[in-house]
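To keep things clear, I will list the structure first and then write my remarks on it.
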Amino acid sequence: MKLTYKIALFVFISSILFNSCSSDDSEKTDSAADTSTLKTFTDVTFSLDQSEGYDAGLYFSTELGKSFKTSKIDAATLPKIDIAFYSSSYTLNYFMSPNNSDYGIKNAPLTLFINAQKDILTIEQFKKIVKSSDFYAIKIDTDDDDSFPDDKTPNVVLFKNAAGKKGAIYIKSVHRVGYDPRIVVDIKIQK
């Protein structure tokens, strides 16, 4: 009986100490509330092979947090796709609306992209984005219908999806040699 009493006393004292330590971190909780307004995805890959014969796909859903190959998009996932990628060579890469008339999917939602922005958002500024309000000052009203070559990466592409949520894509690297040609990016978008 004494062992049970000692264990209960230890658990009680431990819980009091734990709770008192937890309440001291109120500032960290506030910053967590800010980051809860932003979704971040790291090391997302898009295929540089239009046949999607390798691991990466051409489409991404920021709502689901998943990449999709064209053949895996069904009626339930189609309205949730908001990023599409196209590449035909070292000199022609661009993010496009999933409903693009040439390379997109019919009845997919509209997303606007600024592929060739220069000074709107730098890589350093992208890395400092931690909350939804960091996108408020960025204006994305039209699609620039532009592209970027491999040698202009790393780079940042801006977008606004059909729900009006703004985001940025940090193009980290391009891999054309070897198995699974792909582009690797980080994505941040407002919740």
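All residue numbers in this chain count up from 1 along the given sequence.
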Distance in Å, Lys152 NZ paired with Ile171 CD1, rounded so as to fall on 0.5 Å steps:
13.0 Å
Any idea which heavy atoms bring Thr77 and Leu64 closest together, and the distance?
CG2-CD1, 4.2 Å
Is Asp134 salt-bridged to Lys188, going by a charged N under 4.0 Å from an acidic O?
no
Check the pair Ser97, Asn100 against side chain to side chain donor-acceptor pair (under 3.5 Å), reporting the backbone distance first and the verdict last.
CA-CA 5 Å; Ser97 181; Asn100 180 283; over 6 Å; no
Would you check if there is a donor-acceptor pair between the side chains of Asn107 and Asn99 at a distance under 3.5 Å?
no
For a quick test of reading the model, state the closest non-hydrogen atom pair linking Arg176 to Leu48 and the distance between them.
CG-CD1, 3.6 Å
Report whether Ile187 and Ile183 are members of the same hydrophobic cluster (ILVMFWY, side-chain heavy atoms less than 4.5 Å apart, transitive linking).
yes
Just checking, any donor-acceptor pair under 3.5 angstrom between side chains of Asp82 and Thr62?
yes
ILVMFWY network linking Ile138 to Val156, side-chain heavy atoms under 4.5 angstrom:
yes
Report whether Phe135 and Ile140 are members of the same hydrophobic cluster (ILVMFWY, side-chain heavy atoms less than 4.5 Å apart, transitive linking).
yes
May I ask you to check whether over 12 heavy atoms, not counting those of Asp119, lie within 6.0 Å of atom CG?
no
Evaluate salt bridge (Lys or Arg N to Asp or Glu O under 4.0 Å) for Asp141 paired with Lys160, printing each intermediate quantity in order.
CA-CA 8 Å; Asp141 291 334; Lys160 182 168 75 173; 3.8 Å; yes
State the OG-NZ distance between Ser132 and Lys39, to the nearest 0.5 angstrom.
11.5 Å
Where is the tightest heavy-atom contact between Ile81 and Pro98, given as atom of each residue plus distance?
O-CG, 3.5 Å
Taking C-beta and beyond as the side chain, do Ile123 and Pro154 meet within less than 4.5 Å on heavy atoms?
yes
Assess whether side chain to side chain contact (heavy atoms under 4.5 Å, CB included) is satisfied between Phe85 and Asn93, documenting all intermediate values.
CA-CA 8 Å; Phe85 180 73; Asn93 303 298; 3.9 Å; yes
Taking the six-membered ring of Phe46, is the NZ or CZ of Arg182 close enough (under 6.0 Å from the centre) and on axis enough (within 45°)?
no
Lys165, NZ: over 12 other non-hydrogen atoms inside 6.0 angstrom
no
Shortest non-hydrogen contact from Gly164 to Gln190?
O-OE1, 4.1 Å
With the side chain counted from C-beta on, respond yes when Ile189 and Leu38 share a heavy-atom pair under 4.5 Å apart, and no when they do not.
no
Where the side chain of Lys191 meets the backbone of Ser36, is there a donor-acceptor pair that is under 3.5 Å apart?
yes
Are more than 12 heavy atoms, taken from residues, nucleotides or ligands other than Lys172, located less than 6.0 Å from that residue's NZ atom?
yes
Taking the side chain as everything from C-beta on, heavy atoms only, tell me whether Asp146 gets closer than 4.5 Å to Tyr94.
no
Judged by atom type as modelled, is there a donor-acceptor pair below 3.5 Å linking the side chain of Asp143 to the main-chain atoms of Phe113?
yes
Decide yes or no for Asn115 and Ser147: does some side-chain heavy atom of the first lie under 4.5 Å from some side-chain heavy atom of the second?
no
In terms of hydrophobic clustering (I, L, V, M, F, W, Y; side-chain heavy atoms under 4.5 Å; direct or indirect links), are Leu58 and Val184 co-clustered?
no
Is there a side-chain contact between Asp186 and Asp43 in this structure, where contact means two heavy atoms from C-beta onward sitting under 4.5 Å apart?
yes
So does Leu121 get a backbone contact from the side chain of Gln117, meaning a donor-acceptor N/O pair under 3.5 Å?
yes
What's the spacing between Tyr170 OH and Thr153 OG1 if we round to 0.5 Å?
9.5 Å
Is the distance from the ring center of Phe41 to that of Phe60 below 6.0 Å?
yes
With the side chain counted from C-beta on, respond yes when Ile114 and Phe159 share a heavy-atom pair under 4.5 Å apart, and no when they do not.
no
Does Ile83 belong to the same Ile/Leu/Val/Met/Phe/Trp/Tyr cluster as Tyr59, with side-chain heavy atoms less than 4.5 Å apart forming each link?
no
Could you check whether any side-chain heavy atom of Phe148 comes within less than 4.5 Å of a side-chain heavy atom of Phe95, counting everything from C-beta outward?
yes
With a 4.5 Å limit on heavy-atom distance, are the side chains of Asp49 and Pro181 in contact?
yes
Among Ile169, Val174, Asn155, which one satisfies side-chain contact (heavy atoms from CB on, under 4.5 Å) with Val185?
Ile169
Grab the two heavy atoms, one from Pro109 and one from Pro79, that are nearest each other, plus how far apart they are.
CG-O, 3.6 Å
